[in-house]
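Numbers restart at 1 for each chain; the letters A, B, ... are given by sequence-line order, proteins then strands. Since the structure is predicted, the reported quantities are computational estimates derived from the model, not experimental observations.
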Amino acid sequence: MSYRTRFAPSPTGFLHIGGARTALFGYLEARRQNGVFVLRIEDTDQERSTDASLQAILDGMAWLGLTHDEGPFYQTKRLDRYREVAEQLLASGKAYRCWCSKERLEQMRNDLEAAGEKPRYDGRCRERTDAEPGVTSVIRFRNPQSGSVVFDDKVRGRIEIQNSELDDLIIWRSDQFPTYNFAVVVDDIDMAITEVIRGEDHINNTPRQINIYQALGRTPPSFGHLPMIHGPDGAKLSKRHGAVSVMQYRDDGYLPDAVINYIARLGWSHGDQEVFSRAELIEKFRIEDVNRAASRFDFDKLAWLNQHYLKSEDPKLVAGHLLWHLEQKGYDLARGPKPEDVVVALRERVKTLKEMAERAACWYVEAIEFDAEAKAKHLTAAARAGLEAVRAQLAAITASDWSPAAVDGALRAAAESLGLGLGKVAPAVRVAVTGTQVSPSIDHTVFLCGQPLALTRIDAAIGMC
RNA sequence: GCUCCCAUCGUCUAGUGGCCCAGGACAUCGCCCUCUCACGGCGAGAACAGGGGUUCGAGUCCCCUUGGGAGUACCA
């Protein structure tokens, strides 16, 4: 039988970082074993499910490159199937109808809780045969009352839970929708899922589900429960930590490869290796190697990885991602330098594409703003001679020869003609061309302006000296 | 409350009884390189939660404590 994993989000919000990692691990396990990665949408909660959320999840997965092989399957389109299985369980006596009111149930829960006991259904309708007139029944699963459920979790090892801790859960609601614990089992059976990878918040549901598999005469798949991801302060990751939604990472200027690499290393490791290509991840990832403890999200490390990818990936590829940010800034791209040249000039000094787009302003915007301190310090009478010499050398470059190397040559020649080092003339040129004291190496900075603009700006600066 | 899960530097982690007076990475701090800012190179500080066992020997196995987390719905 082929290896099959699935990612089964419910469309009640965007794809968050924890969900993305769950999806990634399922995807990786499937890919390594030439298996199938299924996408299933658990939308049986009519109240909370929205189309916007569904789209956000699809967009997030697409951006990360987590492509599924089958699906998306929608639970709301499989209602007849769940009903059929529920009836089957009813017919075989593995489930029963229950007429208890929500009020009675809640009262019972409160009483048990007050008595310091675990809230459980008391089984009042368990052996009942007559119907309660005027009340729409629900269907409850007849959970075994003795013995225990044992399973071997792929990340945690052996887990055992006493059946006496479990109660008869509702599998079919009065609104004629299945409940989660029941629908997942039916789906995972029908979709022939062999390995269930999900968050540890589901660990307590697993024994219940295994009992349903057994009632249905099926062998449960194997399970692997992933630890949680917390915010930098150890609390649950939330908006106040910055980015929760995967798409927010795109907006903040991260490369999908960096995000994938980062979340893969959160809870998983392969010796001392930190950087993994997609292919290496597929080759080396093992669900068994996942850590059991929860981890904290570290934005600094993500930033480091992001810059690593900024520096090591093909500039043309990075430029493709940068383009979006450049457009967000409203730059006139027809006028400025090629984005890939900007990437080469800035990738060693920024952590994100967003930052890169901000720092590229001087090459795309017509008028630069002068930093007062920079101007006062470098555009002085003493700097005038240097600027004029540089201006002359730059003007002498044939337009078609305009390049960082040519600019570098011009600057050095200018400095030499004055008997100075490059360090004596470059700062003023930098301020002249960018308005600030910080920029990439001066040759690239001037080059990216283009010859006409560079000359115009130096002329203007000479006028300010 | 009850049930389940978890516990190595600030953070992510290596470590599966001796190779560990605990290794790598991010972050931090020095130094070098240098036209600014960076990149890079070199170096430093920094951890086995506590207590009992088991063993010739424990970060590694067992128990307890403490501290986190999850579940406890006609949500998923």
Let's test your reading of the model: under 3.5 Å, does the base of [N] pair with the side chain of [X] as donor and acceptor?
X: A:Lys301; N: B:rC12; result: yes
X: A:Arg430; N: B:rC35; result: yes
X: A:Arg349; N: B:rC37; result: yes
X: A:Arg48; N: B:rC75; result: yes
X: A:Asp201; N: B:rG71; result: no
X: A:Glu274; N: B:rG24; result: yes

For [X], report the nucleic acid contact type (base, sugar-phosphate, nothing); a contact means any heavy atom under 4.0 Å.
X: A:Asp43; result: nothing
X: A:Lys311; result: sugar-phosphate
X: A:Gly267; result: sugar-phosphate
X: A:Arg265; result: base
X: A:Arg120; result: nothing
X: A:Ile442; result: base
X: A:Ser439; result: base
X: A:Ser441; result: base
X: A:His202; result: base
X: A:Ser174; result: base
X: A:Pro440; result: base
X: A:Gln437; result: base

| request: Provide the Watson-Crick or G-U wobble partner of B:rG40, both distances under 3.5 Å; none if there is no partner. | output: B:rC32
| said: Under a 3.5 Å cut-off for both contacts, is B:rC26 paired Watson-Crick or G-U wobble with anything, and if yes, with which nucleotide? | reply: B:rG10
Whole-angstrom distance between [N] and [M], as gauged at atom [atom1]:
N: B:rU13; M: B:rU34; atom1: P; value: 39 Å
N: B:rA49; M: B:rU8; atom1: P; value: 6 Å
N: B:rC6; M: B:rC48; atom1: C1'; value: 16 Å
N: B:rG51; M: B:rA58; atom1: P; value: 14 Å

| task | Grab the two heavy atoms, one from A:Gly60 and one from A:Leu15, that are nearest each other, plus how far apart they are. | result |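 Distance-wise, the nearest heavy atoms are C-CD2, 3.8 Å.
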| query | Of all heavy-atom pairs between A:Phe177 and A:Thr44, which one has the smallest distance, and what is that distance? | reply |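 Distance-wise, the nearest heavy atoms are CD2-O, 3.6 Å.
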| request: Mark yes when over 12 heavy atoms from residues, nucleotides or ligands other than A:Glu373 sit less than 6.0 Å from its CD; otherwise mark no. | output: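 No, the 6.0 Å shell around CD holds no more than 12 heavy atoms from other groups.
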| Toward the 5' end of RNA chain B, by each residue's nearest nucleotide, A:Ala426 or A:Asp272 |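 Its nucleotide being nearer the 5' end, the pick is A:Asp272.
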| said: For the backbone of A:Phe182 and the side chain of A:Gln209, can you confirm whether one donor and one acceptor N or O come within less than 3.5 Å of each other? | reply: no
| said: If the threshold is 4.0 Å, N to carboxylate O, is there a salt bridge linking A:Lys375 and A:Asp371? | reply: no
| message | Does the plane of the ring in A:Tyr249 sit parallel, tilted or perpendicular to the ring in A:Phe297? Use 30° and 60° as the thresholds. | response | tilted
| query | Atom CZ of A:Arg296 and atom P of B:rG67: how far apart are they, to the nearest Å? | reply |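 In whole Å, B:rG67 P lies 17 Å from A:Arg296 CZ.
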| Exercise: do A:Tyr254 and A:His321 side chains pair donor with acceptor under 3.5 Å |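 Side chains of A:Tyr254 and A:His321: no pair found under 3.5 Å.
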| query | Taking only N and O in the side chain of A:Arg347, is any of them less than 4.0 Å away from OP1 or OP2 of B:rC39? | reply |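 Result: no.
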